[in-house]
**Q** 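Sharing a structure here in structure tokens format.
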2 protein chains.
Amino acid sequence: MKADIPLAGVAVDLVILTVREDTLMALAIRRGIPPFKGQWALPGGFVLPDEDLTAAARRELAEETGLADFRAHLEQLATYGTPGRDPRGRVISVAYLALAPDLPLPSAGSDAAAAQWMPVDAMAGELAFDHPQILADAVERARAKLEYTPLAAAFCAETFTIAELRHVYQVVWGVELDPRNFHRKVTSTRGFVIPADGTTTRDGGRPAQLFSVGPGDVLRPPLMRPGTVGDDR
Amino acid sequence: MKADIPLAGVAVDLVILTVREDTLMALAIRRGIPPFKGQWALPGGFVLPDEDLTAAARRELAEETGLADFRAHLEQLATYGTPGRDPRGRVISVAYLALAPDLPLPSAGSDAAAAQWMPVDAMAGELAFDHPQILADAVERARAKLEYTPLAAAFCAETFTIAELRHVYQVVWGVELDPRNFHRKVTSTRGFVIPADGTTTRDGGRPAQLFSVGPGDVLRPPLMRPGTVGDDR
DNA sequence: TCAAAAGTGTTGAACATACACCCATGT
DNA sequence: ACATGGGTGTATGTTCAACACTTTTGA
């Protein structure tokens, strides 16, 4: 490397979102090493010298969730590099957004004394570095992408009912959606969900058809948005 | 900086888009220094030791376009850091997307032998580094954002007619839009455009009302999309 | 038999497209 | 006068929110 190129540390930080107990939650790590030792932060770490950025994010995701065969959506969110954001010196952080189904309990990573799911609304005040900003950007991105992509299924298990999918929207957006109109909209949008084998009664009532995400892309996804409150029960 | 943190060079690269001669174009720089000396590349450069990422992008934008009082939209696009993408060593590049009105001719920057606007469709094959990928991502982002934001006006001058705004959509998307329905949609969406003083006949025909972008945000932008071909003339 | 959730039908309102038509200017 | 583009009115079709109603299970 030429000597006249200014250098910086490069890290990845992850906002891992899940829907759990009717709440949108993110994974927080209690830092086991300085700086900010003992405080909460987003999971993350430095990119290895010959590691791709996405590979680093995937590695951290696997380490923090204990999930080797993770089925989770992962996308780059944004990059944060304001001078002074890390007391160790100039550190550029490439933030990634992950959407995961309701996982078992995460195992503590190597440099973390503890890891736990926290409601995103209660989390901002707890986080070190500029992680409150990163979290806010991530939640905004996730909320927006539910509108114009079939991404909500990333919060669900391999197969899911339409009601479970609707529940994701309701929790992430904090709105009520009409079960009947939602059902129609989702099932009539080609490629959004495809019927899977079997039904389930895990939600109570009449057995519900199971679905999985389609292999291909959705041509023009639904655009859900707020909508409904009332019902006729 | 601690010794165990792997370091990398941090650059910003810009995709500066404009609508010019009925074509979506981007600014290309002929490299004046190695690597890839003499080839075309996106404008960009290394981030200074105590410079914010956005400040570096703004600085490059001003340098390359010669525009000190630039009125252009600038947003972070994505970050590219695959090992080996730069022969000088590990270089992370934070790409920015800029949308600019049809500017005069750009002035050559300090490390550039030449700069010129090129049609984005003819550009991919010319660019060095991984810049074809960055350009493709930028164009995709720009096309998508026209759908759900009032960003098209960033391609127009301070004040513009509805026809000029429509022209932006037509060029960027490569579609025909019905002038009358477009006019209604844009003017009836509160906050999308606001009437400015005066009219112009620069497009010929009846004088057209001038508009400028509103100060606030648009609550729920239009969602334009393909649409119309026929007419009754 | 009843509660609870799945899923279908139907209706009126909102919106979008297509196009007829009038307006105001330059030549 | 007439060509050119700006802008309004309006009919028809599509989509969407609201909600009545039937289906299928567990308790």
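Computed from heavy atoms alone, side chains included, the values below leave out hydrogens, waters and symmetry copies. A, B, ... follow the sequence lines: proteins, then strands. Residue 1 opens every chain. Because the structure is a prediction, the values reported are computed rather than measured.
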**Q** Decide whether A:Gln133 and A:His131 meet the rule of one side-chain donor and one side-chain acceptor closer than 3.5 Å.
**A** no

**Q** In this structure, how many angstroms lie between the C1' atom of C:dA6 and the CD atom of A:Glu164, rounded?
**A** 13 Å

**Q** List in chain and number order the residues that pass ring-ring contact (aromatic ring centres under 6.0 Å, His included) with B:Phe211, two or more places apart in sequence or in another chain; answer none if no residue qualifies.
**A** none

**Q** How many whole angstroms separate atom CD of B:Gln209 from atom P of C:dC23?
**A** 18 Å

**Q** Distance-only, no hydrogens or angles: does the A:Arg143 side chain make a donor-acceptor pair with backbone N or O of A:Trp173 under 3.5 Å?
**A** no

**Q** Indicate whether any N or O donor in one side chain lies under 3.5 Å from an N or O acceptor in the other, for A:Asp130 and A:Thr82.
**A** no

**Q** Show, in sequence, the C-alpha distance, side-chain angles and deciding distance for A:Leu61 and A:Tyr96, and conclude whether the side-chain contact (heavy atoms from CB on, under 4.5 Å) test is met.
**A** CA-CA 10 Å; A:Leu61 179 61; A:Tyr96 279 77; over 6 Å; no

**Q** Looking at A:Ala100, is its backbone amide N or carbonyl O close enough to the side chain of A:Thr18 to form a donor-acceptor pair, meaning the two atoms are under 3.5 Å apart?
**A** yes

**Q** Can you measure A:Ile162 atom CD1 to C:dT8 atom C1' for me and round it to whole angstrom units?
**A** 14 Å

**Q** Please check: side-chain N/O of A:Glu63 versus main-chain N/O of A:Gly44, any donor-acceptor pairing under 3.5 Å?
**A** no

**Q** Atom NZ of A:Lys185 to atom C1' of D:dA18: distance rounded to whole Å?
**A** 13 Å

**Q** How many whole angstroms separate atom CG of A:Asp178 from atom C1' of C:dG7?
**A** 12 Å

**Q** Do any N or O atoms of the protein come closer than 3.5 Å to N or O atoms of nucleotides 24-27 of chain D, and which pairs are they?
**A**
{"from": "D:dT24", "atom 1": "O2", "to": "A:Arg206", "atom 2": "N", "distance (Å)": "3.3"}

**Q** Answer yes if the side chains of A:His167 and A:Asp22 hold a donor-acceptor pair under 3.5 Å, and no otherwise.
**A** yes

**Q** Looking at B:His183, does any N or O in its side chain come under 4.0 Å of the phosphate oxygens OP1/OP2 on D:dT8?
**A** yes

**Q** To the nearest Å, how far apart are A:Leu177 CG and D:dA17 P?
**A** 9 Å

**Q** Nearest whole angstrom, please: distance from the P of C:dA24 to the CG of B:Asp203.
**A** 18 Å

**Q** With 3.5 Å as the limit, what N/O pairs link the protein to nucleotides 9-15 of chain C?
**A**
{"from": "C:dG9", "atom 1": "N7", "to": "A:Arg184", "atom 2": "NH1", "distance (Å)": "3.2"}
{"from": "C:dG9", "atom 1": "O6", "to": "A:Arg184", "atom 2": "NH2", "distance (Å)": "2.9"}

**Q** Where do B:Asp13 and B:Leu42 come nearest, in terms of heavy atoms and distance?
**A** OD1-O, 4.2 Å

**Q** Looking only at the side chain of A:Arg166 (C-beta and beyond, no hydrogens), which of the listed nucleotides D:dA17, D:dG5, C:dA6 gets closest?
**A** C:dA6

